[in-house]
Amino acid sequence: MQVPKKIDFSFFKSKKFFIISLCLVFLIACTIAANYLSLAIVRTNSTNESVNSSAFDVYMLTLAKSQVKAEAESMASDYQKVGAGGYIWEQDGYFYVVSSVYANKNDAILVQNSVKANQGFDSEIITVHFDEIVVNGSFSSEEKKVIAKTISACYDFYYNIYDVAISLDTAVYNEISARLAVNSAHNSLSNIYDDFNTLFDGTSGQLEELGLLLEKTLAISKELCGGIAENKEQTYSSVLKYRYTEVLGVLYEFINS
């Protein structure tokens, strides 16, 4: 009877070692390739194109003006008692007492006629021009989306609160539903602020200034949510108009600084 030969495992051990080594090399190569591709994708999504907002005009219905700010402020407090915003806007050497602000001039004219007919107030419409905002740099597609939301945040907030004020004045909203709508607008603004800080916290230059603009706008929004008035007799409708004009004020200052 032939005794079976002792199997020599050294061959299989060396072959197994070779296969394992080959697999490790392959995995390392795949990892390097994956990292390279991910970097390539990021570079592909990054562009040198600027992110910009469009220029626009608003039309401010003003009830009084003075070359002395203190005098304008004194008149403003009286108008705030009857629902006018009463924000003081400086332009062309005058301090205007702003009642409300309109994106469409025809709307401003209609309200101007109504104020004259029903309340006997003379008024003036002034046009305020806002230049475009341009943010230059190399950004990923997600970064561009957040920047685009940020540079339109002030105008969007103004328009949202404008809608709330109109709805309150026309009895579509009562004060409770108006306050709930304000909270919703604040939450949307807060989300934009959080997204911007996630991507650009600690940046300098233009992005830092844009972040500060957003921070100022959010602070005004918080005051509006808290119902903080300029004087004890100011109506809630007046507070809404005051705050949305104030937001336009910080935007105007940012653009022209």
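In this structure, the side chains of F254 and I133 come closer than 4.5 Å at one or more pairs of heavy atoms. When side chains are defined from C-beta on, D107 counts as touching Y162, because their heavy atoms get closer than 4.5 Å. Side-chain contact between I147 and F139 is present, with at least one heavy-atom pair separated by less than 4.5 Å. The closest side-chain heavy-atom distance from Y96 to M60 is not below 4.5 Å. No side-chain heavy atom of T217 sits less than 4.5 Å from a side-chain heavy atom of S221. At least one side-chain heavy atom of L189 sits under 4.5 Å from a side-chain heavy atom of L214. No side-chain heavy atom of Y158 sits under 4.5 Å from any side-chain heavy atom of L251. Using a 4.5 Å heavy-atom cutoff, the side chains of V115 and V111 are in contact.
L110 and I125 fall into different hydrophobic clusters, where Ile, Leu, Val, Met, Phe, Trp and Tyr side chains are chained together by heavy-atom contacts under 4.5 Å. Taken together through direct or relayed side-chain contacts under 4.5 Å among Ile, Leu, Val, Met, Phe, Trp and Tyr, I109 and V128 form part of one hydrophobic cluster. In the hydrophobic clustering of ILVMFWY residues, with side-chain heavy atoms under 4.5 Å counting as a link, I228 and V182 come out apart. There is no path of hydrophobic side-chain contacts, each under 4.5 Å, that joins L210 to L212.
Using the six-membered ring where Trp is involved, Y155 and Y159 have ring planes that are parallel, under 30° apart on the 30 and 60° scheme. Ring geometry for F56 against F130 counts as parallel: the plane angle stays under 30°, on a 0 to 90° scale with 60° as the upper cut.
For the side chain to side chain contact (heavy atoms under 4.5 Å, CB included) test with Y87, the passing option among T245, L248, V101 is T245; the others fail.
Listed for the E233 side chain is no donor-acceptor partner under 3.5 Å among the backbone atoms of S77. Without hydrogens or angle criteria, Q234 side chain to K81 main chain gives no donor-acceptor distance under 3.5 Å. A donor-acceptor pair is defined here as one N or O able to donate and one able to accept, closer than 3.5 Å; such a pair exists between the side chain of T62 and the backbone of E124.
Taking CD1 of I126 as the reference point, atom OH of Y59 lies at 12.5 Å (rounded to 0.5 Å). Note that CD of E208 is 13.0 Å distant from CG of L213, once rounded to the nearest 0.5 Å.
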Step by step, work out the side-chain contact (heavy atoms from CB on, under 4.5 Å) result for I88 and E73. CA-CA 7 Å; I88 305 301; E73 289 174 338; 3.9 Å; yes

V164 vs Y244, side-chain contact (heavy atoms from CB on, under 4.5 Å): CA-CA, chis, key distance, verdict: CA-CA 10 Å; V164 177; Y244 72 53; over 6 Å; no

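A84 approaches S238 most closely through the heavy-atom pair O-OG, 2.5 Å. Taking each heavy atom of T235 and G83 in turn, the nearest pair found is OG1-CA, 3.4 Å. Scanning both residues, L61 and A108, for their nearest heavy atoms gives CD1-O, 4.4 Å.
In this structure, K241 pairs ionically with D169, as a charged nitrogen and a carboxylate oxygen lie closer than 4.0 Å. Using a 4.0 Å cut-off between a side-chain N of Lys or Arg and a carboxylate O of Asp or Glu, E230 and R243 qualify as a salt bridge.
For the residue pair S184/N187, the side-chain donor-acceptor check at 3.5 Å is not satisfied.
For E90, the side chain to side chain contact (heavy atoms under 4.5 Å, CB included) criterion is met by F95, not counting sequence neighbours.
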